[in-house]
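Below: one structure, written as structure tokens.
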Amino acid sequence: LGDRLRLERLINATDKSLTSGHDVVAGLSKTPKTLPAKYFYDDLGSQLFEQICELPEYYLTRTETAILQTYAVEIAQLTGSCELVELGSGSATKTRILLDAYDQLGYPLRYMPIDISAGILESSAFALLADYPTLEVHGLVSTYEQALQRLNLPQLPTRMLCFLGSTLGNLNLQECDLFFEQVAGALRIGEYFLLGVDLKASALKPKSLIHAAYNDAQAVSAAFNLNMLSHLNHKFDGNFDLATFQHSAIYNERSHQVEMYLTSTKAQTISLRSLLLTTTLQSGEAILTEISRKFDLQQLEADLSHKGLHKIRVWTDPNQWFALILCQL
Ligand code: AVI
């Protein structure tokens with residue numbers, strides 16, 4: 001495989017500070033308390049997320065996959081030959097649909113997966129190289145911010161930056177605004193941005209559907225949510241007792257977002273020793289661990305175009321649950 005694979009770590013896994021933990025301290029010092037969603041994704045968390053994607057209730061992945069399967073060749077025809085750069089590549093299952101389309105049109109296959117979890121990045125890169133004999137992979141173990149700064153370097157081929165799975169929904173309004181700016185800053189004129197987003201509840205999309213996706217019968221979502229605490233325990237020498245927290249997720253109709261919480265079932269004191277942080281929780285006190293925003297297409301297109309990312313085409317499923325937007329800088 002040698003010359004077809006390059007993996008670079010912009011973050012060091014043995015270094016206990018994915019960040020300084022400053023964001024954890026800030027979130028737990030607020031009322032109500034919050035924790036940053038990126039701490040879901042240690043290797044186990046990434047695996048649990050892959051399991052979520054296969055749950056019957058989690059319609060997002062299969063709906064986006066179906067849209068990609070239907071339109072990948074059209075996407076490849078619109079962009080022409082380009083390198084695929086993917087933020088939050090995970091297992092890269094959906095990427096294969098795009099690679100197949102570019103391959104079918106006879107374009108060379110280049111892929112730059114970017115993920116915060118080294119384990120999943122490596123295993124997905126090996127699997128792709130085995131299945132695509134001409135593919136070249138240059139992976140980055142990195143946060144989105146680091147990677148986008150890094151992409152802002154002169155490179156030869158045209159690139160299409162892919163951000164699939166509605167991960168955009170996990171950013172709040174300000175973060176989203178900044179993210180679009182960073183994307184626009186990382187791309188050169190004429191390059192592409194392919195964005196997959198989950199849409200708001202509507203006549204064709206009951207709220208109960210969205211609710212069930214985050215409250216599955218097998219409780220994988222609950223395990224995923226709780227795993228953040230064990231990740232924080234390892235990373236910051238913490239003493240969260242997972243048995244004293246309960247998962248919940250609600251669809252907030254006013255803000256069109258799912259809110260995921262971990263609620264303490266008793267009054268307790270938590271410490272994260274390497275952060276020198278001690279905090280108390282009341283019985284019944286909830287920590288917000290994630291928002292998952294659901295989008296209005298017109299609003300989103302306006303926000304993108306405001307940052308110079310102009311819509312080329314939009315594709316949805318027949319029920320308009322999910323959308324793929326191709327933009328060009
Ligand atoms: C990664 N992200 C798009 C998922 C979502 O649906 O917001 C994370 C997730 N949280 C709970 N289930 C899945």
Side-chain angles (χ1 to χ4, degrees), residues 34-65 67-68 86-95 113-117 120-121 124 142-144 147 162-173 175-176 179 194-201 205 207-232 245-252 255-263 286-295 300 317 321-325:
T34 65
L35 281 168
K38 70 173 171 221
Y39 290 100
F40 284 131
Y41 303 98
D42 60 354
D43 287 339
L44 177 59
S46 295
Q47 281 169 27
L48 287 166
F49 179 62
E50 294 301 323
Q51 281 183 44
I52 288 177
C53 291
E54 278 162 26
L55 292 169
E57 294 94 339
Y58 198 74
Y59 63 88
L60 290 81
T61 311
R62 55 186 147 74
T63 310
E64 185 178 48
T65 301
I67 301 171
L68 274 170
E86 184 172 20
L87 288 174
S89 49
S91 66
T93 312
K94 285 173 285 193
T95 321
I114 297 163
D115 206 280
I116 200 166
S117 157
I120 202 151
L121 191 83
S124 66
S142 165
T143 65
Y144 299 154
C162 305
F163 196 45
L164 301 176
S166 204
T167 306
L168 185 72
N170 301 134
L171 308 184
N172 68 30
L173 278 174
E175 290 166 338
C176 185
F179 176 75
L194 182 68
L195 179 63
V197 287
D198 197 20
L199 301 176
K200 294 202 299 205
K205 187 173 185 187
K207 289 172 274 239
S208 57
L209 178 91
I210 301 178
H211 183 267
Y214 296 83
N215 292 281
D216 61 288
Q218 295 168 62
V220 185
S221 304
F224 172 74
N225 198 3
L226 284 161
N227 176 62
M228 184 193 284
L229 300 183
S230 93
H231 183 202
L232 293 174
F245 288 88
Q246 249 165 14
H247 160 80
S248 70
I250 55 129
Y251 181 59
N252 183 330
S255 42
H256 308 286
Q257 64 186 19
V258 172
E259 293 164 4
M260 208 154 76
Y261 296 96
L262 288 169
T263 302
I287 305 174
L288 175 68
T289 50
E290 181 180 65
I291 59 166
S292 189
R293 293 195 297 131
K294 307 303 168 192
F295 294 89
L300 185 59
D317 54 295
W321 288 355
F322 202 95
L324 272 186
I325 308 175

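Just so you know, ligand 1 is whichever comes first in the structure, and atom 1 is the first atom listed for that ligand.
Between His231 and Tyr39, the ring planes lie tilted relative to each other; the angle falls in the 30° to 60° range. Tyr58 and Tyr214 have perpendicular rings, their planes meeting at more than 60° on a 0 to 90° scale where under 30° would count as parallel. Ring geometry for Phe49 versus Phe224: interplanar angle of 30 to 60°, hence tilted.
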Ligand 1: which protein N/O atoms lie under 3.5 Å from its N/O atoms?
unit_1, atom_1, unit_2, atom_2, d
ligand 1, 2 (N), Asn170, OD1, 2.8
ligand 1, 6 (O), Tyr58, OH, 2.5
ligand 1, 6 (O), Tyr214, OH, 2.5
ligand 1, 7 (O), Asn170, ND2, 2.9
ligand 1, 7 (O), Ser292, OG, 2.6
ligand 1, 10 (N), Glu290, OE1, 2.6
ligand 1, 10 (N), Glu290, OE2, 3.4

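Ion pairing between Lys205 and Asp198 holds under the 4.0 Å rule for side-chain N and carboxylate O.
Lys94 and Gly165 make their closest contact through NZ-CA, 3.7 Å (heavy atoms, listed as atom of the first residue, atom of the second, distance).
No side-chain donor from either of Asp43 and Ser46 sits under 3.5 Å from a side-chain acceptor of the other.
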